[in-house]
Participant: 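Here it is: the structure, laid out below.
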There are 2 protein chains.
Amino acid sequence: MRIILSYLKFNVSLNQQNNQFMFSKACEYGLKASIFIASNSYDGERVSLKEIAKEINSPEAFTAKILQDLVRHKIINSVKGAYGGFEIPKNEISSIKLSQIVNAIDGDSIYRGCGLGLHVCDENHPCPVHDQFKDIRMQLKDMLQNTNLEQLALDIKSGASFLKL
Amino acid sequence: MRIILSYLKFNVSLNQQNNQFMFSKACEYGLKASIFIASNSYDGERVSLKEIAKEINSPEAFTAKILQDLVRHKIINSVKGAYGGFEIPKNEISSIKLSQIVNAIDGDSIYRGCGLGLHVCDENHPCPVHDQFKDIRMQLKDMLQNTNLEQLALDIKSGASFLKL
DNA sequence: TACAAATAGGATAATTTTATCCGAATAAAC
DNA sequence: GTTTATTCGGATAAAATTATCCTATTTGTA
Ligand code: FES
Ligand code: FES
């Protein structure tokens, strides 16, 4: 029996396998929600928490927290009460950058943090992978700072990209 | 009093601010430990858990788990008992890539995962940031697959790079 | 053989992230 | 004004990650 059981023990990893690519789940939901809100605000439509959670396939209550966070950071607007919901002023859609959303939810460690977790990333006291990481981090930073919600919202509207599955 | 307290409530974020750049803490420790082991194995020196944890400034018992994981993945060797410790066969140091370590600890989501957490990253069913992420992920992948422990270990030995602080 | 110095590994605790629940506040419609 | 639909926010729970403790096992040395 001991022998049989040992065969079943194939998952020898410490954790159950980091499933996160770059951002926290909260941040992923925040990004997707923002894109969905933008795509609707583009048509002058306000969307409710329920619609958002359904569209981006996220847990409703958790998504609510994240949206509140974005509202507090003045990235999106909320309207309480019947017929309320979330929206982004049409003329602001194209000026909201992904970096603002990431920053609000995950903070700025993605822009400034050391790839190996040293307390600070410093040219004069680099970690072993500093040079290799610097470029990638910079590219990521540029991308986030130069991608705005309008471009992404249009792709969703046209069916060129998707928010779930 | 209400008013004074409200001023103290400056941290309006959901979480206490994601401090992770790319990898889990476990993975960061694993990478740093591997580099340190390599730099010593280069001189034919075996290092103990205690020395490693001290050098990379990590919690000893947790580091032990991670090292066990790397041993099981045959990335490093361990020797039990007095004068035991961890080592990497000299001739293997230059062939061990960062990607092997990351893969053993964090899995392959960093290479294959969708930036917005869609179930799969798929050209035919892309998320809104698919095109933007693809390049960065590829660059990261190339870097991890092309960087070996020897290069990094030598920088540590020469004092050109650092493992803590 | 006994002892000392290590790693291995199971159990458990602490912390953080993710998720849920519920009542309060708000605003539109009737 | 009452009802209804909705966000807000506090409290709490669940799950995952990070961390600690303790015992067993292994191996070199006296
Ligand atoms: S010091 Fe580690 S990335 Fe710069
Ligand atoms: S589908 Fe999201 S990165 Fe490819």
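Every chain is numbered from 1, with letters handed out A, B, ... down the list of sequences.
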Participant: Would one find a side-chain N or O of Y29(B) under 4.0 angstrom from OP1 or OP2 of dA19(D)?
Facilitator: yes
Participant: Rounded to the nearest 0.5 Å, how far apart are OG of S34(B) and CD1 of I75(B)?
Facilitator: 7.0 Å
Participant: To the nearest Å, how far apart are I66(A) CD1 and dG9(D) C1'?
Facilitator: 15 Å
Participant: Got a sec, which residues hit side chain to side chain contact (heavy atoms under 4.5 Å, CB included) with Q151(A), two or more places apart in sequence or on another chain?
Facilitator: T147(A), N148(A), Q132(B)
Participant: Between F23(A) (CZ) and dT17(C) (P), how many Å, whole number?
Facilitator: 16 Å
Participant: Scan residues 34-52 of chain A against DNA chain D and write down, sorted by residue number, each residue with any heavy atom closer than 4.0 Å; if none is found, say none.
Facilitator: S48(A), L49(A)
Participant: Verify whether one side chain among E51(A) and S48(A) offers a donor that lies under 3.5 Å from an acceptor in the other.
Facilitator: yes
Participant: Can you figure out which of dC8(D), dT18(C), dT18(D) approaches the side chain of A26(A) most closely?
Facilitator: dT18(C)
Participant: More 5' along DNA chain C: A82(B) or S78(B), using each one's nearest nucleotide?
Facilitator: A82(B)
Participant: Which of residues 55-65 of chain B sit near DNA chain D, with a heavy atom under 4.0 Å from it?
Facilitator: P59(B), A61(B), F62(B), K65(B)
Participant: Looking at dC8(D), dA4(C), dA8(C), which one has an atom nearest to any side-chain atom of Q68(A)?
Facilitator: dC8(D)
Participant: Measuring from the side chain of K80(B) (C-beta onward, heavy atoms only), which nucleotide among dA19(C), dA8(C), dA19(D) has the closest atom?
Facilitator: dA8(C)
Participant: Scan residues 141-165 of chain A for pairs that pass ring pair (Phe, Tyr, Trp, His ring centres under 6.0 Å), counting only residues two or more places apart or in two chains.
Facilitator: F162(A)-H125(B)
Participant: Can you check whether C121(B)'s main-chain N or O pairs, donor with acceptor, with R112(B)'s side chain at less than 3.5 Å?
Facilitator: no
Participant: Can you pull the ring pair (Phe, Tyr, Trp, His ring centres under 6.0 Å) pairs that have at least one residue in residues 100-121 of chain B, sequence neighbours excluded?
Facilitator: none
Participant: What integer distance in Å separates L70(A):CG from dC8(D):P?
Facilitator: 11 Å
Participant: Quick one: which residue pairs count as a ring pair (Phe, Tyr, Trp, His ring centres under 6.0 Å) with a foot in residues 135-161 of chain A, not counting sequence neighbours?
Facilitator: none
Participant: Counting N and O atoms only, with roles assigned by atom type, does the side chain of D106(A) sit under 3.5 Å from a partner on the main chain of V102(A), one being a donor and the other an acceptor?
Facilitator: no
Participant: Identify which nucleotide among dG28(D), dT18(C), dA28(C) has an atom closest to any side-chain atom of Y83(B), counting heavy atoms from C-beta outward.
Facilitator: dG28(D)
Participant: Whole angstroms only, please: what is the CD-P distance between E28(B) and dT18(D)?
Facilitator: 9 Å
Participant: Give the rounded distance in Å between these two atoms: CZ of F86(A) and P of dA5(D).
Facilitator: 17 Å
Participant: Without decimals, in angstroms, what is the distance between L67(A) CG and dG9(D) P?
Facilitator: 13 Å
Participant: Can you check the D69(A) CG to dG10(D) P distance for me, whole Å?
Facilitator: 13 Å
Participant: Using a cut-off of 6.0 Å, state whether more than 12 heavy atoms not belonging to K164(B) lie near its atom NZ.
Facilitator: yes
Participant: Can you tell me how far P of dA19(D) sits from NZ of K25(B), to the nearest Å?
Facilitator: 7 Å
